Amino acid sequence: MASYGNSDFNPELVISHKFSESLYTYTERDAALYALGIGACAKDAIDDKELKYVYHRDGQEFIQVLPTFSTLFSYGLTSQLGQLPGLQFDPHLLLHGQQYIEIYKPLPSHGCILNKASIAGLHDKGKATILEIQIVSYEKESGDRLCMNRLAIYLRGAGGFSKSSQPYSYSSNRSNQSAFSKIPKSQPFAVFEECTHASQALLYRLSGDYNPLHSDPMVAEIAGFSRPILHGLCSLGFAVRAIIKCICEGDQNMIKSISGRFLLHVYPGETLITQMWLEGLRVIFQVKVKERNRAVLSGFVDLDRLSSSL
């Protein structure tokens, strides 16, 4: 871990680091498994808005793919963080703080994805470092740009490297796309309540996130939890699904961008209440755990249009 005032650490070397390009290949089975992992059809196996994510209903040629499936494209990237020059951290103290997604065209039901990653931000917070990584994903065969993911990672214990009294802060995100909207005081436009299953994390992990924090009781206990916790990106998937059902009338292709901030852990089996406020083409959302009455996730979803029924 970097010590406070570490003179050996050069942040400019980190922000100029070049990641290796990576490939992510998936099939319809992977897309369907992901949809089930974030609760699609869990309450109703013939849900007319969600069966298309897991089955070729009504003669459709391919299954449809949820926009949050794009978060899987960057799996494996954290294994490259150890290559960042001079940045030493304990991987057990890594926290996923935020996720921002832009969707440029509907995700194909299967394919080979080319990912190009870069450092989008580096911020010294004294006792921690915030690292922002941006991944732009392309369809390898056509070269079409599909989506972009930007994730903020908190590296606890790895801060204190600033050379002056002004804490070091770099961001390539000039337009502040992932800034967060305040939760309105008014009544929500829509509310969707859904119970996760006790095995939710075990199902979701099959999409590629095998961190034992989400499956191993001993690892969870060492981390300070009474039992394994749900993946933050799984909770985000539940929230976006709720917005697609309630605001988009089941049309996932209305979504342009998604921004989520992870506030608190969720235990598999808990009930998620997604509150939604509509402001123009932006849906501000907050997810609470019913059993503990605690907010666990907040953010917004930008739409390219509104449903004619709203």
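No hydrogens, no waters, no symmetry mates; every other heavy atom, side chains included, goes into these values. From a predicted model like this one, the values you see are computed outputs, not experimental measurements.
- For residues 231-253, the pairs satisfying salt bridge (charged side-chain N to carboxylate O under 4.0 Å, His left out) are Asp47-Lys245, Glu50-Arg241, Glu194-Arg241, Asp251-Arg305, with sequence neighbours left out.
- By the side-chain hydrogen bond (donor to acceptor under 3.5 Å, both in side chains) test, Lys105 is found to be paired with Asp144, residues two or more places apart in sequence or in another chain being considered.
- In this structure, Pro106 and Val65 have side chains that are not in contact, with every pair of non-hydrogen atoms separated by 4.5 Å or more.
- Relative orientation of the His17 and Phe19 rings is perpendicular, given thresholds of 30° and 60° on the angle between their planes.
- Neither Val287 nor Ile229 shares a network with the other; the hydrophobic side chains, linked directly or stepwise wherever heavy atoms of I, L, V, M, F, W or Y lie under 4.5 Å apart, form separate groups for each.
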CA sep, side-chain torsions, deciding dist, call: Asp302, Arg282, salt bridge (Lys or Arg N to Asp or Glu O under 4.0 Å): CA-CA 4 Å; Asp302 285 337; Arg282 172 164 289 186; 2.7 Å; yes
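- Nearest approach of Phe262 to His96, heavy atoms of both residues: CD1-O, 3.3 Å.
- Residue pairs meeting the ring-ring contact (aromatic ring centres under 6.0 Å, His included) criterion with at least one member in residues 112-159, sequence neighbours excluded, do not occur.
- Residues satisfying the side-chain hydrogen bond (donor to acceptor under 3.5 Å, both in side chains) criterion with Ser207, sequence neighbours excluded, are absent altogether.
- Using a 4.5 Å cut-off between side-chain heavy atoms of Ile, Leu, Val, Met, Phe, Trp and Tyr, with links allowed through other members, Val54 and Ile63 fall into different hydrophobic clusters.
- Side chains of Lys49 and Ile244 form no contact here, defined as non-hydrogen atoms less than 4.5 Å apart.
- With 3.5 Å as the limit, one finds no donor-acceptor pair spanning the side chains of Tyr100 and Glu132.
- Tyr104 has its side chain within reach of Met148: a pair of non-hydrogen atoms, C-beta onward, lies under 4.5 Å apart.
- Residues in residues 23-44 take part in no salt bridge (charged side-chain N to carboxylate O under 4.0 Å, His left out) pair, two or more places apart or across chains.
- Side chain to side chain, Ser162 and Asp124 meet the donor-acceptor criterion of an N or O pair below 3.5 Å.
- Contact between Ile103 and Pro67 at its shortest, heavy atoms only, is CD1-O, 3.7 Å.
- Side-chain contact annotation: Tyr267 with Ser226, donor-acceptor N/O pair under 3.5 Å present.
- Listed by first and then second residue, the salt bridge (charged side-chain N to carboxylate O under 4.0 Å, His left out) pairs that reach into residues 285-299 are Glu193-Lys290, Glu270-Arg292, sequence neighbours excluded.
- Relative ring orientation between His231 and His214 is described as parallel, the plane-to-plane angle staying below 30° on a 0-90° scale split at 30° and 60°.
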